> 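What follows is a single structure, and I will ask about it in a moment.
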Amino acid sequence: MSTTRGNGASPAATVILLLGAAYCLVPVLWVLVASSKSLDELFSTFTFAPSTHLLDNLAELSAYRDGLYWRWMANTALYAGVGALASTLVSAMAGFALAKYEFPGKKSVFNLVLSGVLVPGVILAIPQYLLLAEAGLTNTYWSVLLPSVISPYGIYLCRIFAAAAVPSEVLEAARIDGAGDWRSFARVALPMMRSGLVTVFLFQFVAIWNNFMLPYIMLGDDHLYPITVGLNGLLNQGANQPAMYTSVITGSLVSIVPLIALFLTLQRYWRVDLAAGAVKA
Amino acid sequence: MKRLVALTAILLLAATGCSGTDDNEGESGGKVELTYWSWAPNMDKVAEVWNAAHPDIHVTVNKQDGGDPAVTKLLTAIKAGSGAPDVMQAEYQKIPTLVAANAIADIAKEAGSLKSKFPDSAWNSVTLGQSAVYGVPQDSGPMMFFYRADIFQQLNLQAPTTWEQYADVARKVHAANPKQYLGTFSANDPGWFSGLSQQAGASWWGVKGDAWSVNIDDANTRKVAQYWGGLVQEGAVLNTPMYTPEWNAALNDGTQVGWLGAVWGPGVLSGSAPATKGKWKAALLPQWDAAKPANGNWGGSATSVTTQTKHRKQAAQFAGWLNTDPAALKALAQTANVYPAATDATATALTTPPAFFAEQTDFYALAAQAAKATNPFTYGPNVNVAYNAYNDAFGKAAESRQAAAFTAALGTMQTTTLDDLKKAGFKTA
């Protein structure tokens, strides 16, 4: 750890980091600039020359089929908020059980969860559709919420975190004091795992927020769509309709605002989490 | 633990509750609920007209993504056994696919009498030339030629009426300004190319008894491929796809001077190049033989009834109303922005030209003329395979800018499509 402030950084590293930052930020800048253009400016003026039509575009976006866009926003918030909360709770319980209990088949259960981490969710969308169709649940809020609740990666993270953050002695003490399984999980382990759970929540929230394939397959009624599927629909109006470019671009811009806000408010927990891990290691 | 059990119980209740309502509704002579998947804009407003007049059959429109995605979704729902709508907007080229997957129902009994209301080419698309009726024709897309009248006037050019003239005009436009092109060969739009081939007399599939034939690499289509390959090779037209931001920009700044589109073109132009309003004119497609005018379709769809519906009769009744009733045709044309397939729509519903072509009073008269001249064309059950092969093979050909590659691409399309039919277990001739 000999790095000192200022003169220690090599110019090459700085350039590479700057390039990386540009690579990430230029598309965002593009969305910002493009959403301020009117439809005829969009394809004719210089790419990064901003214009003055942001408010017009927002008004047009809001007016689309009586504010359907905001309904999509609310749906996404519901899917991501409720889904991530439920998923975090399930992951915490499963991770806690896998870390702190001894039971036959524990190892194979954990291995199964681990292999689940390797299977991309996209592959599961069709089988999940067929399953939920059996229950008559497709094209409902449940069809997107239920599959989001189980997250192998979340369970994996929670197991690691429960093993590191919850000392077995504390659980023993709780047990001696007469706390049952549920009570020692909810009252003792859960608070100790809090910062790890924020990480799981954030991961899952972003994953559901960005999820496209699952709601795309599950939902037929566009009043249930999340923002991703809704915006995609605005672009695919069929060959004989104008694609609603300005609305899609403005909609994309608005849709990243809540994510940025969420990260800014929750990132301090994330930092605590990383620091805690460093001390314990 | 108790809470968990309760949660599970609620979930199960929700599940049974859902399927319960699906099964029972409308059976006792009460109100029938129909869902209609469509991607035409404002179709819900058209359905409102129906709902107001039919209190016992209520139609809910679920807006879908255009074209392929809705079909994929429908096929998944059919396979799953639930989740499909009662009524479905189905593109003509997808109907054989949907019939082969047993996704849409034969409504000959309910809608067979509507035949006289539609041009033969449209009716043929929903019957596949047999006695079954797999939907009621909703809209059609007779191809048309759009050009920048102002630039044509500057260059002292006339709208081409034959393909020979089109090539000539293309050369002159490009010679006058090397940045300007009369058009582009789009390897992204198989529907566009099949429309041009249809005009030349091609029909890519055929049914003989119970066997399918594939005739993509026939003399008619080869004529079209050779023609475009030649124009691309000499550089008279561009070789880049349509519906890209570059294409939009080119329409806006006048470097694309013309577009071989279809009757729905004004909607696209008003979205892609709003600043050029009033500068365009529409004309009939250039002809191969001016003495025998012919035309092709790009797009168009029918209203079909799915096999999963529990209310086939009511669904077919709605499909019939939507596409033949004067009030519905008017709403379709003016609110949902489609070009109705019904023959008398021109007289009743299409009296004023589209806003983007406000000054061209004969717009819909031209469209009707184009629709009337449309050649018959049969689609097969694996249009998606042929269209993907088009994208791949012609994508390479267009990039190579070699005329010979264009005709070779047809051969690739032909073998890919025929092989796929055989592999899928269809009898082929």
Side-chain angles (χ1 to χ4, degrees), chain A residues 34 38-45 47 64-66 68 86 89-90 93 125-127 129-143 145-146 149 180-182 186 216-225 229-230 232-246, chain B residues 1 11-12 14-16 18-20 22 35 37 39-42 44 60 62-69 72-73 76-77 79-85 139 141 189 191-192 243 245-246 248-253 262-265 267-276 298-299 337-339:
Chain A
S38 70
L39 187 53
D40 45 329
E41 289 167 341
L42 188 59
F43 298 115
S44 45
T45 61
T47 310
Y64 175 71
R65 299 182 57 208
D66 308 325
L68 189 59
L89 183 70
V90 169
M93 293 196 289
I126 297 269
Y129 178 90
L130 295 177
L131 269 177
L132 287 170
E134 290 280 315
L137 279 180
T138 54
N139 200 17
T140 62
Y141 280 115
W142 290 113
S143 65
L145 276 175
L146 286 181
V149 169
D181 287 330
W182 175 252
Y216 180 70
I217 290 177
M218 291 291 181
L219 303 174
D221 180 355
D222 64 356
H223 288 91
L224 303 180
Y225 282 2
V229 180
N232 177 63
L234 289 189
L235 262 191
N236 287 305
Q237 300 273 340
N240 52 359
Q241 295 301 328
M244 305 175 62
Y245 290 107
T246 48
Chain B
M1 230 23 226
L11 291 185
L12 286 174
T16 48
C18 263
S19 52
D22 273 0
T35 41
W37 282 6
W39 55 86
N42 299 317
D44 44 346
T60 311
N62 283 344
K63 191 171 185 303
Q64 303 293 312
D65 294 359
D68 285 359
T72 314
K73 220 182 249 185
T76 319
K79 229 166 248 163
S82 78
D139 55 289
D189 294 286
W192 171 79
Y243 294 100
E246 291 79 19
N248 287 336
L251 287 176
N252 261 301
D253 63 19
V263 64
W264 35 260
V268 174
L269 291 174
S270 65
S272 305
T276 60
W298 183 8
N337 212 7
V338 305
Y339 180 72

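Order of the sequence lines sets the chain letters (A, B, ...), proteins ahead of strands, with each chain counted from 1. Note that this is a predicted model, so its numbers are computed, not measured.
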> Side chain, backbone, both or neither: which part of B:D253 has an atom under 4.5 Å from a heavy atom of chain A?
neither

> Given B:D65, which of A:L234, A:N232, A:L235 fulfils the side chain to side chain contact (heavy atoms under 4.5 Å, CB included) condition?
A:N232

> Side chain from CB out, backbone as N, CA, C, O: work out which of these in A:Y225 comes under 4.5 Å of a heavy atom of chain B, or both, or neither.
side chain

> Looking at every non-hydrogen atom in both residues, tell me the closest pair between B:A80 and A:A133 and how far apart they are.
CB-CB, 3.4 Å

> For A:A34, what residues pass the side chain to side chain contact (heavy atoms under 4.5 Å, CB included) criterion, not counting sequence neighbours?
A:W30, A:L42, A:I249

> Out of A:D221, A:T138, A:I126, A:L130, which one racks up the most heavy-atom pairs below 4.5 Å with chain B?
A:D221

> For B:D44, which atoms come within 4.5 Å of any heavy atom of chain A: side chain, backbone, both, or neither?
side chain

> Can you tell me which portion of B:A77 sits under 4.5 Å from chain A's heavy atoms? Options are side chain, backbone, both or neither.
both

> Of the backbone (N, CA, C, O) and the side chain (C-beta and beyond), which part of B:P85 lies under 4.5 Å from a heavy atom of chain A, both, or neither?
neither

> With sequence neighbours left out, write down each residue that passes ring pair (Phe, Tyr, Trp, His ring centres under 6.0 Å) with A:Y64, or none if nothing qualifies.
none

> What heavy-atom pair brings A:D222 and B:K63 nearest, and what distance separates the two atoms?
OD2-CB, 3.2 Å

> Once you round to the nearest 0.5 Å, how far does CG of B:N42 lie from CZ of A:R65?
8.0 Å

> Please give me the minimum heavy-atom distance between B:Y243 and A:Y245, naming the atom from each residue.
O-OH, 4.3 Å

> Of all the heavy-atom pairs spanning A:L39 and B:P274, show the shortest one and how long it is.
CG-CG, 4.0 Å

> How close do A:Y129 and B:G83 get, heavy atom to heavy atom, and via which atoms?
OH-CA, 4.3 Å

